[in-house]
Amino acid sequence: IKFSASIEGSVVLIELSAYEAATARLLGSQTSQATASSMSRNEIAEAVFTAANRAMPGLEKKIKGYWDVDRKNGVQYKIIMKLQGEFDEQRVEDIHDDVNMLVKKAFKRVNTNVMTAKTIDMIVFADMDKFADSQEVYSYIRRGLKGSVTVKKINITKKLILVELK
């Protein structure tokens, strides 16, 4: 949660913004204000506290709404695949087709950002009941592409999967 505040006269304006740690996706923002009865440090601190307390319930509601949408649409995972090695144009097309068909079979939705001769960048929306975490998403892809290409894990975080295809 990012906190910022400004003071204009005796009015304290605060903004709280919540971000998903793994992807930096904005979950929601909420602003509030409170008036300090004087410009003393204690009164300003009390106004900041009051404004933050007013903003938190609204921010919490937005975060819960975000997670409700994720539950309905599926948990988002960003997958970046690097094609390593020498593949002719036809082989690259075959790999693209294999990856595309594989992910569309298992995930609620697939957004392909980029498919080039060296990179596949996509976001998949996984059913939480079928895929509990990013490791399960990676394992599904690894098993699904076995025999077609060698899949090597480069890095996995909570919502980001970096893979090498050879």
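Along the sequence shown, the residues carry numbers beginning at 1. None of the values given here were measured: they were computed from a predicted structure.
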Anything under 3.5 Å between a donor and an acceptor, one on a side chain of residues 132-141, the other on a protein residue two or more places apart or in another chain? List them.
from: Asp133; atom 1: OD1; to: Gln135; atom 2: N; distance (Å): 3.2
from: Asp133; atom 1: OD1; to: Glu136; atom 2: N; distance (Å): 3.0
from: Ser134; atom 1: OG; to: Thr157; atom 2: O; distance (Å): 2.7
from: Gln135; atom 1: OE1; to: Lys153; atom 2: NZ; distance (Å): 3.3
from: Gln135; atom 1: NE2; to: Ser139; atom 2: OG; distance (Å): 3.2
from: Glu136; atom 1: OE1; to: Ala132; atom 2: N; distance (Å): 2.9
from: Tyr138; atom 1: OH; to: Lys153; atom 2: N; distance (Å): 3.2
from: Ser139; atom 1: OG; to: Gln135; atom 2: O; distance (Å): 3.1
from: Tyr140; atom 1: OH; to: Leu102; atom 2: O; distance (Å): 2.8

Distance-only check: which donor-acceptor pairs under 3.5 Å involve side-chain atoms of residues 143-152, not counting sequence neighbours?
from: Ser148; atom 1: OG; to: Asp98; atom 2: OD2; distance (Å): 2.8

Under 3.5 Å, which donor-acceptor pairs link side chains of residues 52-62 to any protein atom two or more places apart or in another chain?
from: Arg54; atom 1: NH1; to: Gln33; atom 2: O; distance (Å): 2.6
from: Glu60; atom 1: OE2; to: Lys64; atom 2: NZ; distance (Å): 3.3
from: Lys62; atom 1: NZ; to: Ser29; atom 2: O; distance (Å): 2.5
from: Lys62; atom 1: NZ; to: Gln30; atom 2: OE1; distance (Å): 3.0

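Partners of Ser40 according to the side chain to side chain donor-acceptor pair (under 3.5 Å) rule, which considers only residues two or more places apart in sequence or in another chain, are Ser38. By the side chain to side chain donor-acceptor pair (under 3.5 Å) test, Ser37 pairs with Glu43, sequence neighbours left out. For Asp121, the salt bridge (charged side-chain N to carboxylate O under 4.0 Å, His left out) partners are Lys78, not counting sequence neighbours. The side chain to side chain donor-acceptor pair (under 3.5 Å) test applied to Asp68 returns Arg71, not counting sequence neighbours. Residues satisfying the salt bridge (charged side-chain N to carboxylate O under 4.0 Å, His left out) criterion with Asp88, sequence neighbours excluded, are absent altogether.
Its side chain within the 4.5 Å cluster rule, Tyr19 clusters with Leu26 among the Ile, Leu, Val, Met, Phe, Trp and Tyr residues. Summarising the hydrophobic clusters (Ile, Leu, Val, Met, Phe, Trp, Tyr; side-chain heavy atoms under 4.5 Å, direct or chained), the residues clustered with Val11 are none.
Sorted by first and then second residue, the ring pair (Phe, Tyr, Trp, His ring centres under 6.0 Å) pairs involving residues 144-166 (not counting sequence neighbours) form an empty list. Evaluation of the salt bridge (charged side-chain N to carboxylate O under 4.0 Å, His left out) test over residues 101-113, restricted to residues two or more places apart or in two chains, returns none.
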